[in-house]
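The structure appears below as structure tokens.
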There are 2 protein chains.
Amino acid sequence: MNGIMFYPLLEEAGDFINSSVRGKKLIICIGLFSVEYLGRSSSNLGLGERVLMVKEDGSVLVHRRVGYEPVNWQPAGCIIRCGVRDGKLLLLSERRRPKEFLKVVFDKVYLITSTSLVDEARFEIGPVENEFYDLLMAHPEYIEEGLRIVSRQKSMPSGIPDFTGKDSKGNYVIIEVKRSMAGVDSVKQLDRYMKSQRGHFRGILCAPSITKSALLILKKKGYDFRRLNLKALSSLVAFKPYEETLDRHLEEGGS
Amino acid sequence: MNGIMFYPLLEEAGDFINSSVRGKKLIICIGLFSVEYLGRSSSNLGLGERVLMVKEDGSVLVHRRVGYEPVNWQPAGCIIRCGVRDGKLLLLSERRRPKEFLKVVFDKVYLITSTSLVDEARFEIGPVENEFYDLLMAHPEYIEEGLRIVSRQKSMPSGIPDFTGKDSKGNYVIIEVKRSMAGVDSVKQLDRYMKSQRGHFRGILCAPSITKSALLILKKKGYDFRRLNLKALSSLVAFKPYEETLDRHLEEGGS
DNA sequence: GCGCTTAGCCGCTCA
DNA sequence: TGAGCGGTTAAGCGC
């Protein structure tokens with residue numbers, strides 16, 4: 001049921017949670033509780049005041065006073081069981097694969113609320129991976145003049161390189177693209193692809209920047225680095241009107 | 001201020017948020033709003049009912065009906081500004097480095113609450129102290145194949161190493177175990193034990209990881225480092241108690 | 001501050 | 001179902 005309770009008895013809170021879970025509601029609960037986790041790892045969090053969130057898909061979040069990340073959690077798809085035992089309110093969340101358990105033991109519930117959220121909006125995310133590769137696919141000159149893309153995301157025994165192509169001199173090339181600074185593992189990734197090839201190939205690592213150590217290894221292995229101009233690339237996509245809105249509001253400020 | 005409001009006017013909600021931010025409270029708000037993000041990437045989420053959480057460290061989370069992950073967020077350290085503009089309640093979160101903005105635009109606020117959570121508990125990850133040593137005692141192969149534990153020092157008073165044992169070649173070994181990354185002083189500790197011994201002993205430092213400088217000294221002194229797989233160790237913890245609790249609960253309890 | 005490594009990473013895609 | 005891989009990864013640590 002949609003609703004809210006303040007300082008409920010633990011039995012009341014338990015009933016509330018169970019009917020909310022059955023009713024596919026989002027539950028938010030502020031209380032005094034401890035948390036145990038057992039699964040791929042294990043953890044123990046003693047008594048303290050925190051926020052518990054349980055969603056209709058079975059995901060569970062335990063948030064402490066600070067920090068972006070939940071201290072304990074369970075991803076979507078878990079089975080929630082709840083009830084009073086030995087004078088404490090117990091909430092158990094079981095994940096099937098991998099087998100994992102989260103146990104929340106309430107001493108006190110200060111506030112508990114459940115709601116049905118109506119939210120049909122589509123989440124639009126800006127120049128994402130795919131869009132980004134579309135651009136490079138359409139404009140290989142941003143990687144190297146005269147380059148022609150032959151394949152994209154082609155599966156190889158050693159993984160999946162972003163592109164294969166042919167350069168202006170007719171050499172076959174393998175291209176690994178990073179949207180942010182390339183590190184040592186980017187080079188390793190490229191190297192894996194290269195090693196699994198027979199015949200002459202050029203290797204190109206393409207990113208806005210590269211760490212010193214990565215560049216060192218790259219050079220030693222005889223591969224090339226191509227600096228990617230993200231700004232120039234973005235200018236190829238349509239301007240996002242909401243950036244304007246945000247800027248305007250930031251200028252005018254709030255308080 | 002600690003408190004809660006139902007269906008407040010946007011102005012009231014704005015004031016509430018501002019004083020809560022100043023008072024270092026955790027804010028939870030359920031409402032009808034849209035979200036824009038601009039920074040390393042950009043995103044747009046149209047109008048819908050969601051949960052907003054703002055923590056005292058400036059972290060911001062926007063949660064939709066489903067999913068473990070927040071649809072939008074801002075990590076700790078952001079500056080929160082809030083106020084009414086053009087009949088909407090705006091909440092802006094600004095991150096300095098990298099420069100990122102999150103804008104929440106409320107059409108309606110259904111519920112808003114702020115609390116000061118008292119939570120001093122320490123978060124223990126991995127097997128708890130005793131369990132941890134029990135596990136290693138029972139599974140010395142996690143330290144080294146063929147190792148046999150001879151003695152164990154449970155409590156911490158120094159002067160006595162965590163374990164002594166005999167390796168597969170019949171060498172006596174002194175083992176210093178750390179539950180977290182080993183540092184220079186871990187090596188020093190092992191070294192003290194070693195120096196207090198007469199006769200031939202091998203020294204093993206056993207930890208999930210080790211700092212470079214510590215490894216350097218360790219090698220120079222001729223001791224060995226053994227990487228501890230905490231994850232694998234955790235999985236050795238008996239699942240029985242949990243499953244029992246869960247089963248018992250399912251049979252007798254809640255719903 | 002930057003660069004590197006890890007994470008109960010999560011979640012997506014595709015063989 | 002598993003492997004590979006991106007992410008507004010975040011967060012921690014060494015340098």
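Letters A, B, ... mirror the listed sequences (proteins, then strands); counts begin at 1. Values below: all heavy atoms of this structure, side chains included; hydrogens, waters and symmetry mates excluded.
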Q | Any residue meeting salt bridge (Lys or Arg N to Asp or Glu O under 4.0 Å) with A:R122, in chain and number order, not counting sequence neighbours | A | A:E124
Q) Please give, in whole Å, the distance from C:dC4 C1' to A:K188 NZ? A) 11 Å
Q: Would you sort out whether A:E144 and A:R202 count as a salt bridge (Lys or Arg N to Asp or Glu O under 4.0 Å), showing the intermediate values?
A: CA-CA 12 Å; A:E144 187 177 272; A:R202 280 180 60 210; 2.9 Å; yes
(Q) Any residue in residues 66-73 of chain B with a heavy atom nearer than 4.0 angstrom to DNA chain D? Just list them by number, or reply none. (A) B:V71, B:N72, B:W73
**Q.** Separation of the C1' atoms in C:dA7 and D:dG7, to the nearest angstrom
**A.** 13 Å
Q) Heavy-atom count around A:Y172 OH within 6.0 Å, excluding the residue itself: above 12? A) no
Q) So which one's nearest nucleotide on DNA chain D is more toward 5', B:P75 or B:E100? A) B:E100
Q) What interatomic distance, in whole Å, is found between C1' of D:dG6 and the corresponding atom of D:dA10? A) 14 Å
Q) Does OP1 or OP2 of D:dT1 have a side-chain N or O of A:R96 closer than 4.0 Å? A) no
Q. If each of A:P161 and A:F123 is mapped to the nucleotide of DNA chain D with the nearest heavy atom, which maps nearer the 5' terminus, i.e. the 5' end?
A. A:P161
Q: Go through the structure and list residues passing side chain to side chain donor-acceptor pair (under 3.5 Å) with B:S59, not counting sequence neighbours.
A: B:D57
Q. How far, in whole Å, is C:dT5 from C:dC9 if one measures between their C1' atoms?
A. 13 Å
Q. Which comes earlier along DNA chain C counting from the 5' end, the contact point of A:D185 or that of A:Q74, where each point is its nearest nucleotide?
A. A:D185
Q: Mind checking A:Y193 for me? I need base, sugar-phosphate or nothing, with any heavy atom below 4.0 Å counting as a touch.
A: sugar-phosphate
Q | Interatomic distance, A:D57 CG vs C:dC10 P [rounded to whole Å] | A | 14 Å
Q: Give the rounded distance in Å between these two atoms: CZ of A:F163 and C1' of D:dC5.
A: 15 Å
Q: Tell me, please, which residues at least two apart from B:S34 pass side chain to side chain donor-acceptor pair (under 3.5 Å).
A: none
Q. When rounded to the nearest Å, what value does the distance between C1' atoms of D:dT9 and D:dC5 take?
A. 12 Å
Q: For B:I125 and C:dA7, give me the distance from atom CD1 to atom P, rounded to whole Å.
A: 9 Å
Q: Respond yes when some side-chain nitrogen or oxygen of A:R40 is under 4.0 Å from OP1 or OP2 of C:dC9, and no when none is.
A: yes
Q: Rounded to the nearest angstrom, tell me the gap between atom CZ in A:R152 and atom P in D:dG6.
A: 13 Å
Q.
Taking the nucleotide of DNA chain C with the nearest heavy atom to each, does A:G183 or A:A76 sit closer to the 5' end?
A. A:G183
Using atom types as modelled, flag every donor-acceptor pair under 3.5 Å from a side chain in residues 206-220 of chain A to any protein atom, sequence neighbours excluded.
{"from": "A:T211", "atom 1": "OG1", "to": "A:A214", "atom 2": "N", "distance (Å)": "3.3"}

For nucleotides 1-3 of chain C, give me every protein contact, N/O to N/O, under 3.5 Å, one pair per line with atom names.
{"from": "C:dG1", "atom 1": "OP1", "to": "B:R97", "atom 2": "NH2", "distance (Å)": "3.0"}
{"from": "C:dG1", "atom 1": "OP2", "to": "B:R97", "atom 2": "NH2", "distance (Å)": "2.5"}

Q | Value in whole Å for how far the P atom of C:dG8 lies from OH of A:Y37 | A | 8 Å
Quick one: side chains of residues 66-76 of chain A, donor-acceptor pairs under 3.5 Å with protein atoms, not counting sequence neighbours, listed by atom name and distance.
{"from": "A:N72", "atom 1": "ND2", "to": "A:S43", "atom 2": "OG", "distance (Å)": "3.0"}
{"from": "A:Q74", "atom 1": "NE2", "to": "A:S93", "atom 2": "O", "distance (Å)": "3.1"}

Q: Determine the interatomic distance between P on C:dG8 and the same-named atom on C:dC4; round to the nearest Å.
A: 22 Å
**Q.** Atom pair distance, as rounded to whole Å: CG in A:L38 and P in C:dG8
**A.** 14 Å
Q.
Among A:I27, A:V60, A:L102, exactly one meets side-chain contact (heavy atoms from CB on, under 4.5 Å) together with A:I80. Which residue is that?
A. A:V60
Q: Identify which one of A:E100, A:R96, A:R95 satisfies the side-chain contact (heavy atoms from CB on, under 4.5 Å) criterion when paired with A:C78.
A: A:R95
Q. Residues two or more places apart in sequence or in another chain: which of them pass side chain to side chain donor-acceptor pair (under 3.5 Å) with B:E56?
A. A:R65
**Q.** Under 4.0 angstrom between A:K178 side-chain N/O and D:dG6 OP1 or OP2
**A.** yes
Q) How close or far is atom P of D:dT9 from atom CG of B:L102, stated in whole angstroms? A) 15 Å
Q: Name all residues meeting the side chain to side chain donor-acceptor pair (under 3.5 Å) criterion together with B:K24; count only those two or more places apart in sequence or in a different chain, and write none if there are none.
A: none
